[in-house]
Number of protein chains: 4
Amino acid sequence: MRLMPPSSADEPAAVLLSVREEQRLMTRRRIVQAARRVFEDRGYGQASIGDITKAAKVNRATFYLHFANKAAVFNEVYAEVRQHQTGRYWAMLDEGLTAGTEAALRGVLDRALAWWEEQAALLPAIHEAMASDLEVAARWKDQLDELAGELRGYLGQFPEEERDARRLRVQLMVMQLDQLCFRTIVQKVFVIERDVLLDLVCDLWLDSLQLRRGSDPS
Amino acid sequence: MRLMPPSSADEPAAVLLSVREEQRLMTRRRIVQAARRVFEDRGYGQASIGDITKAAKVNRATFYLHFANKAAVFNEVYAEVRQHQTGRYWAMLDEGLTAGTEAALRGVLDRALAWWEEQAALLPAIHEAMASDLEVAARWKDQLDELAGELRGYLGQFPEEERDARRLRVQLMVMQLDQLCFRTIVQKVFVIERDVLLDLVCDLWLDSLQLRRGSDPS
Amino acid sequence: MRLMPPSSADEPAAVLLSVREEQRLMTRRRIVQAARRVFEDRGYGQASIGDITKAAKVNRATFYLHFANKAAVFNEVYAEVRQHQTGRYWAMLDEGLTAGTEAALRGVLDRALAWWEEQAALLPAIHEAMASDLEVAARWKDQLDELAGELRGYLGQFPEEERDARRLRVQLMVMQLDQLCFRTIVQKVFVIERDVLLDLVCDLWLDSLQLRRGSDPS
Amino acid sequence: MRLMPPSSADEPAAVLLSVREEQRLMTRRRIVQAARRVFEDRGYGQASIGDITKAAKVNRATFYLHFANKAAVFNEVYAEVRQHQTGRYWAMLDEGLTAGTEAALRGVLDRALAWWEEQAALLPAIHEAMASDLEVAARWKDQLDELAGELRGYLGQFPEEERDARRLRVQLMVMQLDQLCFRTIVQKVFVIERDVLLDLVCDLWLDSLQLRRGSDPS
DNA sequence: CATGAATGAGGTTTCATTCAT
DNA sequence: AATGAATGAAACCTCATTCAT
């Protein structure tokens, strides 16, 4: 599609992009950022492309130069969120589970809740998109699978034949946490204080994953 | 106003309705049933009122005579699903948990999966509506709370002060099951065989709810 | 249309009407009165039959039992207004013109303004109907012609051959007064104080109808 | 933004418009002209936007690109009519009144009648709109006020303190003429031959405005 | 590359009107 | 005589999308 990129683009960090290319990326960026704001304000279904282009101060037709449709921008917005999360989050979870102590687990879960609190604005849109758009749901599953890949420390503790079941369990617990956070933090349809919530979840994980309780003794 | 109904009308329960009333209810019923079909086919967001009235072979204006908008019919469709579920399902769950044996629990969860399999067609719409419509989400929460009310047998086993936490745990496990079923049975984004799924969930519940494992009697 | 009115109806005042007939008239009356209120509130075009039946607390279908359409009720409402006006108003005008003095004329015009002020609420609807409905416009012309019939005193002063032109002139002046009142009193698009308005019109009539000015001497 | 227009664009009056602009104006023009035809055929209230776009062979959405609603196009149509009238008409009236002779006045009024005859088709819509839409009524008042501004010749004949009253009188006579023309020429609810009408009006104006009758010289 | 203009396809809603009761 | 239910037509409006510039 690009005809004359004078040299290799997208390798390291600060390659020289042609002026055009740079403008193009900037516009794309503007659209993505505007889209995020719009999705936060209006959710997924209610957000129209008109809303997005208006927010980005870009012509509606320009949008179609960069994205095929609403789902496409949404995926880009969502990808950013996931990128931000994935690296740290999962690795941390592995550490916490490997340590296996209540304190470690609590730390991890506390961070998870914090992440939810930060992202609260965008999450209704994400849930909506996930419920209505199979493609988005598939991405979410990918993420759960990435998680599986990161659990090397934790899974290493178990004999080969148990690992699949263990991995699945953790995935289920994460899924449950997701739901819970969504209903309590985002939708507020479930009303529990943060501390109580944290205690509850922590206890539940300890039992469900059969981790040693409380005092990690000698 | 009614001149001639020679004897008591409208007392007990399944009384003679006036002809008018009956026709009216039939039309309403047709709309609700058609709506269900449409929601099953197209999900919530993509379903238009035109689709529904076309399916019900009823004039568009007639729809508005019975319902204020799409959300209103949806609520009626959803209410039917819940009614169908609630009575049996929760009571059964209470029994299973009270028995506390793996076999009993497995039986219950098997029934739950069966329910999900039956309802699979409508569930995408339900999830969509729940994600985008706070009111529908609130109904879902109500249902979880009804559940709590039915757990008399199970909760009775615990001392007063533990009950709240226990109740919450069960609710969380149900929530998790919901999610899991949705992703595996409905969206099929998670691929697990039914047996494996059942084993997994059963084990997880036993641990999470700290029920006695396997053979109880002997 | 009436099958069994036991005796002549509509002659004097208190003929015995059959019960049905009486109910019928009452309903009709309710509709007309409600219609008037609605026309006053919303004008002619914006008033819907639904508005009227809602205001009359009568079923929409009932409306069609009494009137063919909106124009039909409007005509009945309008007829009442005209009835109320015609008798006094025109006779008075004849007297004023016959007297021919400024004082007399001023009295008449003052009453005319008062009438406009009273009717202000309904007039926008009347004007609207008159502009869009030829039939209503025809009624208005009828009224102007009735006026002509009442001017016996005034026209009697002139020789036979002049009378037509004189009559026409008066009609034109009334028409002008109508317009003026509508713009000033009802639409308030023309802003003049009442006194100034009265002076102006009075002077204009004196000139236009060539009446003797001011002091009616000897 | 325009890079290459080598020399001055858009200065004087009938400049080169960009191709885009020109196309846009053409479309707008088509809509306005079609609207006029539709208003002539169906009046104001009965004319729908669908009628207009069908007549213009333009998509309904295109309409909304150019106008906010029916009232907006109507105002543009009406503005054209007024533009066409204003310049000549009022100036002519001033001349006629300044001359003050019956012949001159008759000439003016004859032209006025001719204007009404030309515009007859659109006038029902105009009256309708004026009756139901206060904004349109306000424009009509503006026009009467413009008239006032043009009467320099005529008003100059009177002492300062009389001018206001004189101006108002002329305005009233114009208003009356409007009404009369509407009822006779457009609605034909008043039936008078053109000559008789002209005589009548002419005489009436002479008296009302106290102009010298008939023979001017001597 | 970006844009203004135009389109077509729907969607929701409101009305006037007619039947069967 | 009065009504509740149903209808069909149409109105208005909004969106996603595509051209020509």
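First the proteins, then the strands, lettered A, B, ... as listed; each starts at 1.
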Q: Take D:Lys70 and A:Asn69, find for each the nucleotide of DNA chain F with the closest heavy atom, and name the residue whose nucleotide sits nearer the 5' end.
A: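 Checking each residue's closest nucleotide, the 5'-ward one belongs to D:Lys70.
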
Of all the heavy-atom pairs spanning [X] and [Y], show the shortest one and how long it is.
{"X": "A:Ala56", "Y": "A:Arg30", "value": "O-NH2, 2.7 Å"}
{"X": "B:Val77", "Y": "B:Val32", "value": "CG2-O, 3.7 Å"}
{"X": "B:Phe63", "Y": "B:Asn69", "value": "CZ-O, 3.8 Å"}
{"X": "C:Ala47", "Y": "C:Gly43", "value": "CB-O, 3.3 Å"}
{"X": "D:Ala68", "Y": "D:Ala72", "value": "N-CB, 4.0 Å"}

Q. Distance only, no hydrogens: is a donor on one side chain within 3.5 Å (strictly under) of an acceptor on the other, for B:Asp51 and B:Ser48?
A.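 The criterion, which ignores hydrogens and geometry beyond distance, is satisfied for B:Ser48 and B:Asp51.
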
Using atom [atom1] of [X] as one end and atom [atom2] of [N] as the other, report the distance to the nearest whole Å.
{"X": "B:Gln46", "N": "E:dG10", "atom1": "CD", "atom2": "C1'", "answer": "11 Å"}
{"X": "B:Arg42", "N": "E:dG11", "atom1": "CZ", "atom2": "P", "answer": "7 Å"}
{"X": "A:Ile49", "N": "F:dT18", "atom1": "CD1", "atom2": "P", "answer": "10 Å"}
{"X": "A:Asp51", "N": "F:dT14", "atom1": "CG", "atom2": "P", "answer": "12 Å"}
{"X": "D:Tyr64", "N": "F:dA11", "atom1": "OH", "atom2": "P", "answer": "10 Å"}
{"X": "B:Ile52", "N": "E:dT12", "atom1": "CD1", "atom2": "P", "answer": "9 Å"}

Q: With rounding to the nearest 0.5 Å, note down the distance linking CD1 in C:Ile31 to CD in C:Gln33.
A: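 Here the rounded value is 11.0 Å.
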
**Q.** Gap separating the CZ atom of A:Phe67 from the CD1 atom of A:Ile52, nearest 0.5 angstrom
**A.**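 The CZ atom of A:Phe67 sits 9.0 Å away from the CD1 atom of A:Ile52.
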
Q.
Applying the side-chain hydrogen bond (donor to acceptor under 3.5 Å, both in side chains) criterion to A:Glu40, which one of A:Arg42, A:Arg37, A:Arg36 satisfies it?
A.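 Among A:Arg42, A:Arg37, A:Arg36, the one that satisfies the side-chain hydrogen bond (donor to acceptor under 3.5 Å, both in side chains) with A:Glu40 is A:Arg36.
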
Q.
Can you pull out the residues from residues 29-38 of chain D that lie within a 4.0 Å heavy-atom distance of DNA chain E?
A.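 None - not one residue of the stretch has a heavy atom sitting under 4.0 Å from the strand.
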
Q: Can you run down the salt bridge (charged side-chain N to carboxylate O under 4.0 Å, His left out) pairs that involve residues 58-81 of chain A, sequence neighbours left out, and say none if there aren't any?
A: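 Every pair satisfying salt bridge (charged side-chain N to carboxylate O under 4.0 Å, His left out) with a residue in residues 58-81 of chain A: A:Arg28-A:Glu76, A:Arg29-A:Glu80.
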
Q) Can you list, by residue number, the residues of residues 72-80 of chain B that have a non-hydrogen atom closer than 4.0 angstrom to DNA chain F? A)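 Contacts with DNA chain F under 4.0 Å: none.
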
(Q) Whether the side chain of B:Thr62 engages the backbone of B:Val58 through a donor-acceptor N/O pair (distance < 3.5 Å, no angle test) should be reported. (A)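 It does not hold such a pair.
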
Q: Apply the test side chain to side chain contact (heavy atoms under 4.5 Å, CB included) to residues D:Gln46 and D:Glu128: give CA-CA distance (whole Å), side-chain angles for both, the deciding distance (0.1 Å), then the verdict.
A: CA-CA 10 Å; D:Gln46 287 305 310; D:Glu128 227 188 302; 5.9 Å; no

Q: Report the secondary structure of DNA chain E in dot-bracket form, marking unpaired bases with a dot and bases paired to a different strand with |, and treating Watson-Crick or G-U pairs with both distances under 3.5 Å as paired.
A: .||||||||||||||||||||

Q: If a protein heavy atom is under 4.0 Å from the base, mark B; if only from the sugar-phosphate, S; if neither, -; do that for nucleotides 1-6 of chain E going 5' to 3'.
A: SBBBSB

**Q.** Pairs where residues 24-53 of chain A contributes a residue and the test ring pair (Phe, Tyr, Trp, His ring centres under 6.0 Å) is met, not counting sequence neighbours
**A.**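 As it turns out, the ring pair (Phe, Tyr, Trp, His ring centres under 6.0 Å) pairs with a partner in residues 24-53 of chain A, which skip direct neighbours, are A:Phe39-A:Tyr44, A:Phe39-A:Phe74, A:Tyr44-A:Phe74.
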
